[in-house]
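Heads up: numbering here begins at 1 and tracks the sequence. Source: prediction; values computed, not measured.
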Amino acid sequence: MTDLQKKLFELQDLNYKAFHQRLIPTIVPERIIGIRTPDLRKFSKKFAQDNDTQAFLNELPHKYYEENNLHAFIIEKIKDYDKAMLETEKFLPYIDNWATCDMFKPKVFSKNTDKLILKIDAWLESEQTYTVRYGIGLLMSYYLDENFKTEYLEIVSKIRSQEYYVNMMIAWYFATALAKQYDSAVKFLEDFKLDKWVHNKTIQKSVESNRISPEKTAYLKTLKIK
């Protein structure tokens, strides 16, 4: 066990491990230490101050789930866009679960959405489940407000996958789009442009979120495919 792994095990919470490992079934329990996210984020700050983080970033692949999350948290702190993107693209192929994928958002990306969209376009065509999910997640985070374009909805609507974690993210994306850009997003349901499962899951998630009016909720329910 490395010195870093020993320090991570000092933060272990076995009750949390038992709970959390049920949420990420794509990872075998032996690869999960069991560290609460706030504790790991706090650890990442001290680790970055006291260690050569580049050496750690070069050590892919990591053994433990929490090492991957630590890797993500270190990249998030990189202030130079090009450097953050370089490390992100090195890291993406090693993301193997929805939790690491969804929590990972380098802060510098939000200030460079004009450059970022070009990378997202490429990621959406990847054959790797979590690279595609990551791209959709960034579209949801950064391109449904002032950066919104209907063409982004079109791009996501055309994604066809057999992967549960990709399809769930597509549904989450469109449910969020219904909350933020309803008039544009609802047309994709009215025209049945989504895969049947994604279509119905989008409606379910939108209705359950309580982010749209009762009138719109009632209408969406009529669009469910039986």
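- The minimum heavy-atom distance between Leu70 and Leu40, with the atom names listed, is N-CD2, 4.1 Å.
- Nearest heavy atom pair, residue Pro93 against residue Gln128, reads CB-NE2, 3.6 Å.
- For the side chain to side chain contact (heavy atoms under 4.5 Å, CB included) with Ile203, the lone residue among Leu223, Thr217, Val198, Ile225 that qualifies is Leu223.
- Salt-bridge annotation for Lys90 and Glu87: present, with a side-chain N of the basic residue lying under 4.0 Å from a carboxylate O of the acidic one.
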Open item on the list: Determine whether Ile117 and Leu138 satisfy the following criterion, side-chain contact (heavy atoms from CB on, under 4.5 Å), listing intermediate values before the conclusion.
Closed with: CA-CA 9 Å; Ile117 192 61; Leu138 292 183; over 6 Å; no

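- Counting only distance, with no hydrogens or angles, the side chain of Glu66 and the backbone of Ile33 share a donor-acceptor pair below 3.5 Å.
- Put simply, the side chain of Arg160 gets close to the backbone of Ser157: a donor and an acceptor are under 3.5 Å apart.
- Between the CG atom of Asp195 and the NZ atom of Lys201 there is a distance of 12.5 Å, given to the nearest 0.5 Å.
- The aromatic ring centroids of Phe47 and Phe73 lie 6.0 Å or more from each other.
- The local environment of CD in Glu127 is sparse, with at most 12 non-hydrogen atoms from other residues, nucleotides or ligands closer than 6.0 Å.
- Side-chain N or O atoms of Lys17 include one that pairs as donor or acceptor with a backbone N or O of Ile32 at under 3.5 Å.
- By the 4.5 Å heavy-atom criterion applied to side chains, Tyr81 and Lys111 are not counted as neighbours.
- With ring centers used as reference points, Phe9 lies under 6.0 Å from Tyr64.
- The neighbour count for Phe192 CZ, taken as heavy atoms of other residues, nucleotides or ligands under 6.0 Å away, is above 12.
- Here OG of Ser141 is found 11.5 Å from CG of Asn147. Values are rounded to the nearest 0.5 Å.
- When atom types are taken as modelled, the side chain of Asn112 and the backbone of Lys115 share no donor-acceptor pair closer than 3.5 angstrom.
- Ring centroid separation for the pair His199 and Phe174 does not come in under the 6.0 Å cut-off.
- Formation of a donor-acceptor pair under 3.5 Å by the Glu76 side chain with backbone atoms of Lys105 is found in this model.
- The two residues Asn167 and Ser161 come nearest to each other via the heavy atoms ND2-O, 3.0 Å.
- With values rounded to the nearest 0.5 angstrom, Asp39 atom CG is found 12.5 Å from Gln12 atom CD.
- A 6.0 Å sphere centred on NZ of Lys7 holds no more than 12 heavy atoms belonging to other residues, nucleotides or ligands.
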- [ ] Might you work through the side-chain contact (heavy atoms from CB on, under 4.5 Å) test for Asn97 and Asn68, ending with a clear yes or no?
- [x] CA-CA 10 Å; Asn97 68 92; Asn68 275 336; 5.5 Å; no

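- With contacts defined as side-chain heavy-atom distances shorter than 4.5 Å, the pair Asp96/Ile27 qualifies.
- Between the side chain of Gln21 and the backbone N or O of Val28 there is no donor-acceptor pair closer than 3.5 Å.
- Residues Tyr94 and His71 keep their aromatic ring centres 6.0 Å or farther apart.
- Atom CE of Met169 is separated from atom CG of Leu139 by 10.5 Å, given to the nearest 0.5 angstrom.
- Both Trp123 and Leu118 belong to a single network of hydrophobic side chains, linked directly or stepwise wherever heavy atoms of I, L, V, M, F, W or Y lie under 4.5 Å apart.
- Considering only heavy atoms from C-beta on, Tyr219 comes within 4.5 Å of Glu190 through its side chain.
- Smallest separation of non-hydrogen atoms from Glu67 and Leu8: CG-CD1, 3.8 Å.
- In terms of heavy-atom proximity, Ile212 sits nearest to Ala179 at CG2-CA, 3.8 Å.
- With rounding to the nearest 0.5 angstrom, the CD1 atom of Ile120 is 10.5 Å from the CD1 atom of Ile136.
- Within 6.0 Å of the CD atom in Gln54, the count of heavy atoms belonging to other residues, nucleotides or ligands exceeds 12.
- Side-chain contact between Leu57 and Phe91 is absent, with no heavy-atom pair separated by less than 4.5 Å.
- Looking at heavy atoms from C-beta onward, Asn51 lies out of side-chain contact with Phe56 at the 4.5 angstrom threshold.
- Using a 4.5 Å cut-off on side-chain heavy atoms (C-beta onward), Leu144 and Tyr173 make contact.
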- [ ] Could you walk me through whether Tyr134 and Thr131 pass side-chain contact (heavy atoms from CB on, under 4.5 Å), step by step?
- [x] CA-CA 5 Å; Tyr134 188 65; Thr131 297; 5.6 Å; no

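- Across Cys101 and Tyr130, no two heavy atoms sit closer than the pair SG-O, 3.5 Å.
- Around atom NZ of Lys63, no more than 12 heavy atoms belonging to other residues, nucleotides or ligands sit under 6.0 Å away.
- Note: Ile75 CD1 to Lys77 NZ = 11.0 Å, rounded to the nearest 0.5 Å.
- By the rule that hydrophobic residues join a cluster once side-chain heavy atoms approach within less than 4.5 Å of another member, Leu60 and Leu86 end up as members of separate clusters.
- Electrostatic pairing of Lys119 and Glu89 counts as a salt bridge here, judged by a charged N lying under 4.0 Å from a carboxylate O.
- For the pair Phe104 and Thr88, the minimum side-chain heavy-atom distance is below 4.5 Å.
- Between His20 and Leu23 the shortest side-chain heavy-atom distance falls below 4.5 Å.
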- [ ] Output, in order, the C-alpha distance, side-chain angles, deciding distance and verdict of side-chain contact (heavy atoms from CB on, under 4.5 Å) for Leu116 and Met85.
- [x] CA-CA 9 Å; Leu116 179 63; Met85 180 55 68; 3.7 Å; yes

